[in-house]
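The structure appears below as structure tokens.
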Amino acid sequence: MLHVFNSLSGEKEALRPIHPGRIGLYVCGITAYDYCHMGHARVMVVFDVVVRYLRQLGYAVHYVRNITDIDDKIIARARSVGVDEGALTERFIAAMREDQAALGVLPPDEEPRATTHIRHIIEMIQQLEAAGYAYRAAGDVYYDVSRFPAYGALSHMRLDELRAGTRSEPGEHKRDPMDFALWKSAKAGEPAWDSPWGPGRPGWHIECSAMSLHTLGKELDIHGGGMDLKFPHHENEIAQSEACNGVPFVRLWMHLGFVQVREAKMAKSLGNAVLIRDLVARFGGEVLRLFLLGTHYRSPLMLTDEALEAARRSLWRLYGTLAGHAPAEPAWPKGIEARFAAAMDDDFNTPLALAVLFELARETSRLRRSEPGRSAQYAAGLRQLGGLLGLLGEDPEVVRRGAVDERRSTEIETLITERAEARRRKDYARADAIRDRLAQEGIVLEDGPAGTIWRLAGEEGSS
RNA sequence: GGCUGGGUGGCAGAGUGGUCAUGCAACGGCCUGCAAAGCCGUCUACGUCGGUUCGAUUCCGACCCCAGCCUCCA
């Protein structure tokens, strides 16, 4: 039985789908005004694993991850770069798709965008206004939090506690500092849509309420995102959706811990964001994936070169175990599969699941010579379990050789052949000279029962 | 100040009332022409102070420290 930590209740709870056998999952995606950083990578990879595992359990998962393609930051960035908002967002959405693919993340079933749901957003604001949850002020429309008694339930804060540190921005006309904008009137030159309140654009929070309603319905099984969205974004979504729909909005809230750089949260505003694409170039997407899954999703994750390098060696170890087996039906030693499932069932404990994978890898290597048939089966089993985490799907040789072009590859093969002949002649001086030369060039040779294979030494330049 | 998470071996990171996490690194051994890889073993960890207990890293209490949120942020 799968249990998931619900940040609303603060406890692990059994997953009980609203409709038996089906799961509606909504995740807050990116605001498309810049390249994605490792914090985004964590959200993408973790929910990719959640979806893969739920499907493995037999659920029909409907996975929706939105894209915010209109907001203040997009407008500001488009202006500073000198392009229109649409061109800017298209560019960064395309970049996100590249990053996602590099991380082995399957695309969500739907990726609704705010600008294609303006009509639904306006309808929802009208409903809120009609029900007395919203008020107009100088062309803007605000949500009146005093009308929603449960406000603060998700962040475990009372309204007066939340108010403590607030200040009002110039140009706002809120009755209460905790009120938030549903609709913002357009200033000259800003992109705008017609509405009952005049030309303007949606506030940030309302889009998720409107899009989740129109893609998944009034009640969601799981809603997720980064820890920083808990307040105010998700709190506001609850206020909007429940005021509108009259039913509990979300069964389970999943919030991810931060990726940290040198003891501090990674954030664009702090200038310490590490882009996915930069690390993909250095380590390869699968290494990043293993790194991200090596820590439980709710814990903070410290991003360091040492940790990434350790992840690379770990991944290579697994691929080394996988290499050179005959095709076989997947199998496991007794208990492995159950322990893997138990780990995943316990709030998606991927670090523990990975530990089980490493134990399986060790057993596979141990039997390699004595029982090659069983060893091959275990290797196939390792690949299959790894696949549930979106790992170990590549050709082991290719992964370990990294980004070496074909010409270079042929050169290396030629030298290996030359060395093999030298070894046959017992001309070890010559053989070692060849090996040393390749080692200096970052190529490591491994002599095995099936001949000599080669791989990259590490440091820079994996696939 | 309020709220939310944390403090585990050289590093990363799970977990548990009394026998093993796991990975990376290091050291010793096996294997190897020598290596590399792999396998075996070693390196006897649980913030502090009390309490409960036959026994606590694990339960309870207090305290200290770290990160985050209370403003846009995955």
Side-chain angles (χ1 to χ4, degrees), chain A residues 7 10 27-31 34 36-44 46-47 71-73 76 152 154-158 160-169 177-178 204 224-233 235 255-260 263-270 273 290-291 294-296 298-302 304 306-318 320-321 323 339 343 346 349-359 361-370 400 423 426-429 431-432 435-436 439 444-448 452-455 457:
Chain A
S7 37
V27 172
C28 289
I30 64 161
T31 298
D34 206 343
C36 292
H37 62 233
M38 286 300 287
H40 301 109
R42 195 175 195 190
V43 173
M44 291 189 228
V46 165
F47 284 105
D71 92 323
D72 295 354
K73 269 186 286 211
L154 182 63
S155 36
H156 307 283
M157 299 273 277
R158 292 192 317 274
D160 57 309
E161 292 172 339
L162 285 166
R163 282 196 194 100
T166 54
R167 58 189 157 78
S168 54
E169 296 288 327
M178 294 318 295
W204 176 37
M227 202 77 100
D228 44 359
L229 297 185
K230 200 170 176 182
F231 187 90
H233 185 56
E235 198 77 67
H255 287 105
L256 274 56
F258 289 116
V259 175
Q260 296 184 184
E263 304 278 316
K265 166 194 173 186
M266 176 184 299
K268 287 170 193 159
S269 53
L270 295 177
L290 181 65
F291 166 72
T295 299
H296 185 84
R298 282 190 282 121
S299 301
L301 207 190
M302 198 76 81
T304 63
E306 294 71 35
L308 289 166
E309 192 55 47
R312 163 146 59 200
R313 287 170 194 269
S314 300
L315 186 70
W316 283 14
R317 157 110 183 270
L318 293 173
T321 303
R339 285 169 55 214
D346 184 13
N349 192 338
T350 54
L352 188 54
L354 285 171
V356 176
L357 247 43
F358 278 104
E359 285 183 50
R362 184 165 3 103
E363 196 58 24
T364 304
S365 299
R366 198 193 335 237
L367 297 177
R368 187 160 212 138
R369 278 160 184 271
S370 58
R400 282 151 44 95
R423 290 181 72 208
K426 297 213 192 305
D427 180 359
Y428 294 119
D432 291 351
R435 188 173 61 198
D436 291 347
V444 178
L445 301 187
E446 297 179 10
D447 298 330
T452 300
I453 60 173
W454 61 273
R455 65 176 171 85

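Chain letters run A, B, ... following the sequence lines, proteins first and then strands; every chain starts at 1.
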Does A:R317 put a side-chain nitrogen or oxygen below 4.0 Å from OP1 or OP2 of B:rC39? yes

Report the residues that fulfil ring pair (Phe, Tyr, Trp, His ring centres under 6.0 Å) with A:H233, sequence neighbours left out, ordered by chain and then residue number. A:W204, A:H205

Between B:rG47 and B:rC54, how far is it from one C1' atom to the other, in whole Å? 27 Å

Using whole Å, what does the distance between atom C1' of nucleotide B:rA67 and atom CZ of A:F258 come to? 9 Å

Out of B:rU71, B:rG38, B:rA21, which has the shortest distance to the side chain of A:E359? B:rA21

Earlier contact from the 5' end, RNA chain B, for A:T321 and A:G226: A:T321

With A:R317, which residues qualify under side-chain hydrogen bond (donor to acceptor under 3.5 Å, both in side chains), at least two apart? none

Measuring from A:L315:CG to A:F291:CZ, what's the distance to the nearest 0.5 Å? 13.5 Å

Can you list everything that forms a side chain to side chain contact (heavy atoms under 4.5 Å, CB included) with A:D427? Sequence neighbours excluded, please. A:A422, A:R425, A:A429, A:R430

Under 4.0 Å, heavy atoms only, any strand: does A:M44 hit a base, just the sugar-phosphate, or nothing? nothing

Between A:K265 and B:rA74, is there a contact of a side-chain N or O with OP1 or OP2 at under 4.0 Å? no

Quote, to the nearest angstrom, the P distance that separates B:rC46 from B:rU57. 8 Å

Using a 4.0 Å cut-off on protein heavy atoms (strictly under), produce a 5'-to-3' string for nucleotides 25-34 of chain B with B for base contact, S for backbone-only sugar-phosphate contact, and - for none. S-------BB

Quantified in whole Å, what is the C1' atom distance between nucleotide B:rC72 and nucleotide B:rA14? 35 Å

What is the distance, to the nearest angstrom, from the CG atom on A:L308 to the P atom on B:rC24? 15 Å

Applying side-chain hydrogen bond (donor to acceptor under 3.5 Å, both in side chains), name anything that partners A:R158, two or more places apart in sequence or on another chain. A:D160, A:E161

A correct dot-bracket answer for RNA chain B, with pairs being Watson-Crick or G-U at under 3.5 Å, [ ] for crossing pairs and | for inter-strand pairs, is (((((((..(((.....[...))).(((((.......)))))....(((((..]....))))))))))))....

Starting at CZ of A:R163 and ending at C1' of B:rC3, how long is that distance when rounded to a whole Å? 16 Å

For A:M157, report the nucleic acid contact type (base, sugar-phosphate, nothing); a contact means any heavy atom under 4.0 Å. base

Between B:rU48 and B:rU8, how far apart are the two C1' atoms, rounded to whole Å? 15 Å

Give me the distance, rounded to whole Å, that separates B:rA37 from B:rC27 when you measure between the P atoms they each carry. 12 Å

Is there a donor-acceptor pair closer than 3.5 Å between any side-chain N or O of A:T304 and the backbone N or O of A:A307? yes

Using a 4.0 Å heavy-atom cut-off, does A:G10 contact any base of the nucleic acid, only the sugar-phosphate backbone, or nothing at all? nothing

Closest to the A:E161 side chain: B:rA67, B:rA74, B:rG2? B:rG2

Just checking A:F231: base, sugar-phosphate only, or nothing, at a heavy-atom cut-off of under 4.0 Å? sugar-phosphate

Contact under 4.0 Å: A:H156 side-chain N or O vs B:rC3 OP1/OP2: no

For nucleotides 11-13 of chain B, which of its nitrogen or oxygen atoms have a protein nitrogen or oxygen under 3.5 Å away, and what is each distance?
none

Pairwise C1' distance for B:rA74 and B:rC24, with rounding to whole Å: 28 Å

Got a donor-acceptor contact below 3.5 angstrom from the A:Q260 side chain to the A:P300 backbone? no

Short question: side chain of A:R42, backbone of A:F258 - any donor-acceptor pair under 3.5 Å? yes

Say you draw a straight line from CE of A:M157 to CE of A:M178; how long is it, rounded to the nearest 0.5 Å? 8.0 Å

Sequence neighbours excluded, which residues qualify as salt bridge (charged side-chain N to carboxylate O under 4.0 Å, His left out) partners of A:E446? A:R400, A:R455

Expressed in whole Å, how much space separates the C1' atoms belonging to B:rU16 and B:rA45? 14 Å

Applying side-chain hydrogen bond (donor to acceptor under 3.5 Å, both in side chains), can you list everything that pairs with A:S299, at least two apart in sequence or on another chain? none

Please give, in whole Å, the distance from B:rU4 P to A:E235 CD? 13 Å

Counting heavy atoms from C-beta on, name the nucleotide in B:rG23, B:rA36, B:rC73 closest to the side chain of A:A267. B:rC73

Pairing residues for A:E359 by the side chain to side chain contact (heavy atoms under 4.5 Å, CB included) criterion, not counting sequence neighbours: A:R339, A:R362

OP1 or OP2 of B:rC70 less than 4.0 angstrom from a side-chain nitrogen or oxygen of A:R158, does that happen here? no

Base, sugar-phosphate, or nothing: which does A:L229 touch, judged by heavy atoms less than 4.0 Å apart? sugar-phosphate

Could you state the NZ-P distance from A:K73 to B:rU71, rounded to the nearest angstrom? 15 Å

Nearest whole angstrom, please: distance from the C1' of B:rU16 to the CG of A:N349. 13 Å

Give me the distance, rounded to whole Å, that separates B:rG9 from B:rG2 when you measure between the P atoms they each carry. 30 Å

For A:D346, all residues meeting side-chain hydrogen bond (donor to acceptor under 3.5 Å, both in side chains), sequence neighbours excluded: A:K12

Sugar-phosphate only, base, or nothing, as touched by A:V259 at under 4.0 Å among non-hydrogen atoms: base

Which is true for A:R366 with a 4.0 Å heavy-atom rule: it touches a base, it touches only sugar-phosphate, or it touches nothing? sugar-phosphate

Nearest-Å distance for atom pair CG/P, residues A:L154 and B:rG68: 20 Å

Return the value, rounded to whole Å, for the distance between atom CD of A:E363 and atom C1' of B:rC39. 11 Å

Can you name the residues that form a side chain to side chain contact (heavy atoms under 4.5 Å, CB included) with A:M266, not counting sequence neighbours? A:H37, A:M38, A:V259, A:V261, A:N272, A:A273, A:V274, A:L303

